[in-house]
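Please read these numbers as outputs of a predicted model, since none were measured by experiment.
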Amino acid sequence: MLAARTRPFTSAAPTRRAVVAHSSLKLYTNPASRGKIVEWYLQEIGVDAELVNLDLKERQHKTEDFMKVNPFGKVPAMQDGSLSLFESGALLTYLADKYGKLDTPEARARASQWVLFANSTLANSVFVEQFREKSMPDVMGNLDKILAGREFIEGDAFSVSDVAVGAYLLYIPAFLPQIDLSPYPNVVAYMQRMAARPACASTVAARATQRKEEEKAAAKN
């Protein structure tokens with residue numbers, strides 16, 4: 001597993017580094033952003049990337065230089081040579097495709113299906129309060145049925161779909177601790193399997209733990 005290289009964002013030209021595998025990849029992120037999801041997948045597939053952490057309080061995501069990468073001024077975003085991409089789902093599917101994880105139209109379709117599900121159907125049903133009461137039981141209940149018969153989202157093998165779906169699931173107890181997940185035992189077991197993966201433990205799961213600690217500290221003040 002290749003370690004990611006991190007540096008703060010500046011508009012100046014980056015310092016030249018020793019040539020390593022896949023060094024053209026540059027991920028613009030922030031510890032509190034969905035960039036952790038992309039970091040998880042990069043580690044899973046053993047791809048080295050330069051991490052550029054933007055200080056959102058200093059509005060580095062709204063600078064002229066960064067707006068050339070993502071004209072909407074949001075993170076995560078990525079550069080790979082002359083290609084600039086934004087939206088975490090697009091980054092995930094691009095990486096899966098580029099590094100040989102999606103070798104057929106069917107594989108691409110399945111990955112797109114689950115990435116879109118995670119970023120839209122799942123995220124909205126859980127994290128948007130106005131939809132939660134009506135939508136979450138149906139979405140989570142059906143997901144629980146799916147996971148009753150398989151170890152991973154697409155079946156017997158880990159894939160980019162697990163990163164997309166697993167990340168949002170792991171953020172539920174971190175950001176919404178009041179939600180009771182006990183009615184979905186297969187989902188909970190799946191979350192535990194994902195959190196135990198070393199690449200997840202050092203990225204998404206670590207961020208989820210950090211968020212819980214922040215909530216505890218805030219409650220004491």
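Distance CD1/I179 to CD1/I172: 6.0 Å, rounded to 0.5 Å. Here CZ of F66 is found 10.5 Å from CD of Q60. Values are rounded to the nearest 0.5 Å. K74 contributes atom NZ, which lies 5.0 Å from atom NZ of K62 (distance to the nearest 0.5 angstrom). With rounding to the nearest 0.5 angstrom, the CE atom of M78 is 12.5 Å from the CZ atom of F86. Atom CZ of F127 sits about 7.5 Å away from atom CZ of F175, to the nearest 0.5 Å. Summarising the geometry, atom NZ belonging to K57 is positioned 14.0 Å from atom CZ belonging to R59; distances are rounded to the nearest 0.5 Å.
When all heavy atoms of A167 and V204 are compared, the closest pair comes out as CA-CG1, 4.0 Å. Among all heavy-atom pairs drawn from L27 and A77, the shortest one is CD1-O, 3.4 Å. In terms of heavy atoms, Y184 sits closest to P137 at OH-CA, 3.5 Å. Smallest separation of non-hydrogen atoms from C200 and A195: SG-CA, 4.0 Å. Here the shortest heavy-atom pairing between L102 and A107 reads CD2-O, 3.6 Å. Residues A208 and A174 share a closest heavy-atom pair of O-CB, 3.4 Å.
Between F117 and V165, some side-chain heavy-atom pair lies under the 4.5 Å cut-off. In this structure, V187 and L169 have side chains that are in contact, with non-hydrogen atoms separated by less than 4.5 Å. Side-chain contact check for R110 versus S159: every heavy-atom pair is 4.5 Å or farther apart. Using a 4.5 Å heavy-atom cutoff, the side chains of R108 and T93 are not in contact. Side-chain atoms of P31 and N53, non-hydrogen and from C-beta on, do get closer than 4.5 Å to each other. At a threshold of 4.5 Å between non-hydrogen side-chain atoms, the residues K145 and N186 do not count as touching. With a 4.5 Å cut-off on side-chain heavy atoms, D162 and Y190 count as touching. For the pair V52/T29, no side-chain contact is recorded, criterion being any heavy-atom separation below 4.5 Å from C-beta on.
Between the R132 side chain and the S125 main chain, no donor and acceptor come within less than 3.5 Å of each other. Side-chain N or O atoms of D144 include none that pairs as donor or acceptor with a backbone N or O of M140 at under 3.5 Å.
The environment of CZ in R150 is crowded: more than 12 heavy-atom neighbours from other residues, nucleotides or ligands sit within 6.0 Å.
Every pair passing side chain to side chain donor-acceptor pair (under 3.5 Å) that includes a residue from residues 76-88 is listed here, sequence neighbours excluded: S24-D80, Y28-Q79, D80-Y94, D80-K98. Within the structure, ring-ring contact (aromatic ring centres under 6.0 Å, His included) contacts touching residues 129-148 (residues at least two apart or in different chains) do not occur.
Between Y168 and R34, the side chains place a donor N or O and an acceptor N or O closer than 3.5 Å (distance only, hydrogens not considered). When only modelled atom types and interatomic distance are considered, Q43 and S202 share a side-chain donor-acceptor pair under 3.5 Å. No donor-acceptor contact under 3.5 angstrom links the side chains of D65 and T63, judged on distance only.
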side-chain contact (heavy atoms from CB on, under 4.5 Å) assessment of T121 paired with L116:
CA-CA 7 Å; T121 304; L116 290 170; over 6 Å; no

CA sep, side-chain torsions, deciding dist, call: L181, M191, side-chain contact (heavy atoms from CB on, under 4.5 Å):
CA-CA 11 Å; L181 295 177; M191 291 166 62; 3.9 Å; yes

Decide side-chain contact (heavy atoms from CB on, under 4.5 Å) for E39 and L51; before the verdict, give the C-alpha distance in whole Å, the side-chain angles of both, and the deciding distance to 0.1 Å.
CA-CA 9 Å; E39 289 182 47; L51 303 185; 3.6 Å; yes

Applying side-chain contact (heavy atoms from CB on, under 4.5 Å) to L25 and L42, what does each step give before you reach the verdict?
CA-CA 10 Å; L25 283 175; L42 284 167; 4.2 Å; yes

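In this pair, F158 and F152 present their aromatic rings perpendicular. The plane angle is above 60°, beyond the 30 to 60° band.
Hydrophobic cluster membership differs between M194 and V115, with clusters built from Ile, Leu, Val, Met, Phe, Trp and Tyr side chains linked at under 4.5 angstrom. In the hydrophobic cluster analysis, where Ile, Leu, Val, Met, Phe, Trp and Tyr join through side-chain heavy atoms closer than 4.5 angstrom, I146 is grouped together with L170. Grouping the Ile, Leu, Val, Met, Phe, Trp and Tyr side chains by contacts below 4.5 angstrom, directly or via other members, places V188 with L176. Under the 4.5 Å side-chain heavy-atom criterion for Ile, Leu, Val, Met, Phe, Trp and Tyr, V128 and M136 are members of distinct hydrophobic clusters.
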